[in-house]
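Beneath this line is the structure, given in structure tokens, with notes to follow.
From a predicted model like this one, the values you see are computed outputs, not experimental measurements. Order of the sequence lines fixes the chain letters, A, B, ..., with proteins taken first and strands second; residue numbering starts at 1 for each chain.
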Number of protein chains: 2
Amino acid sequence: MLSKKTKYGLKALTYLASQSKREPVQISQIARHENISQKFLETILLTLRKTGFLGSKKGKGGGYYLIKEPSEILMTTVIRVLEGPIAMVPCVSLNFYEKCDDCPDENKCAVHKLMLQVRDSVLEVYRNNTLADLISE
Amino acid sequence: MLSKKTKYGLKALTYLASQSKREPVQISQIARHENISQKFLETILLTLRKTGFLGSKKGKGGGYYLIKEPSEILMTTVIRVLEGPIAMVPCVSLNFYEKCDDCPDENKCAVHKLMLQVRDSVLEVYRNNTLADLISE
DNA sequence: TGAACACTCTATTAAATCGATAGGAATAAA
DNA sequence: TTTATTCCTATCGATTTAATAGAGTGTTCA
């Protein structure tokens, strides 16, 4: 199940991407438009800023804005930052690999075999989608 | 992240499928061989029996056994029983559909658009894998 | 200069979920 | 009748998640 954090984060990103100008948008405006708890959204936008997706400006006329072009923001990186590992099991994760302590041989493990395929197919979807691809015109 | 329930359930199924004979195998034996807590495995096997994957026999010489051929057990059905919805978001689920209360128009929602693709690609993997496919020979 | 504005940061809470366990009931075999 | 095994339900503790609280920091502008 996708976490609300990821869901809201993605919605906020697409909202910012759909703005005609790259000017600061206030948290309150994003929260209102996307039906998100403002306080919760605050923390999400904060991590998106710290991880290099957003810039921010304080004070009057402040807010958040995209730093890169939407077409340069890959879903693989967004998902990894908001949701964590893409793989459903650590033993098939590219960026967060961890050995199972119960499994003596990965190559003979059915779960491993299946989840490797799942990872690959999901990864392909995320690699083929940038933020720009998700904006409906 | 895949739940332990699903992971253990899958391992138990493959263990049963890899038996040369379709005779009852005791929970304790499966648990030992797959390094699973026996008590936890009990409840998992119980749901697998109630959902038509396994048969059981009580008393001495009892245990669990596969009811169908491994090649007839699709991963789509196994995953849905053990893990629940395959979709990462209810609004793109085939079997567990639910409208998002915050989202006014699914067709314009970026999350919807992305997760629809994820669902389709994952579904294809599960549809292409039966229990028989996961057994290493 | 100061007041309003809007992001920043950390801590906390409430609810839900997960993994595991407990302990007896039911049933079958020897 | 004893022993072996599954069946069933309840519960527990830990973790995670979603959300909230509230004081702090920097900006703008009159």
What integer distance in Å separates [X]:[atom1] from [N]:[atom2]?
X	N	atom1	atom2	answer
A/Lys4	C/dT17	NZ	P	11 Å
A/Gln26	D/dG26	CD	P	20 Å
A/Ile27	D/dT25	CD1	C1'	14 Å
B/Glu42	C/dG19	CD	P	17 Å
A/Gln38	D/dA21	CD	C1'	13 Å
B/Leu46	C/dA26	CG	P	15 Å
B/Arg32	D/dT5	CZ	C1'	13 Å
A/Glu83	D/dT16	CD	C1'	12 Å

Heavy-atom pair with the smallest gap, counting every atom of A/Val118 and B/Tyr126: CG2-CE2, 3.7 Å
Nearest atoms (heavy-atom pairs only) where A/Tyr65 meets A/Lys57: CE2-N, 4.3 Å
Tell me whether the side-chain N/O atoms of [X] come closer than 4.0 Å to OP1 or OP2 in [N].
X	N	result
B/Thr43	C/dA20	no
B/Tyr8	C/dG19	no
B/Ser3	C/dT17	no
B/Lys5	C/dT17	no
A/Arg49	C/dC9	yes
A/Lys58	D/dG24	no

B/Ile73 vs B/Thr130 side-chain heavy atoms within contact, under 4.5 Å: no
Validation row: A/Thr6, A/Val78 side chains within 4.5 angstrom (heavy atoms): no
Sugar-phosphate, base or nothing in reach of B/Leu45, heavy atoms under 4.0 Å: nothing
Sugar-phosphate, base or nothing in reach of B/Lys7, heavy atoms under 4.0 Å: nothing
Side-chain donor/acceptor contact of B/Lys39 with base of C/dG19 under 3.5 Å: no
Along DNA chain D (nearest heavy atom to each residue), the more 5'-positioned of B/Lys57 and A/Leu41: B/Lys57
Side chain B/Lys99, main chain B/Cys103, donor-acceptor under 3.5 Å: yes
Nearest-nucleotide 5' precedence on DNA chain C, A/Ser56 against A/Lys60: A/Lys60
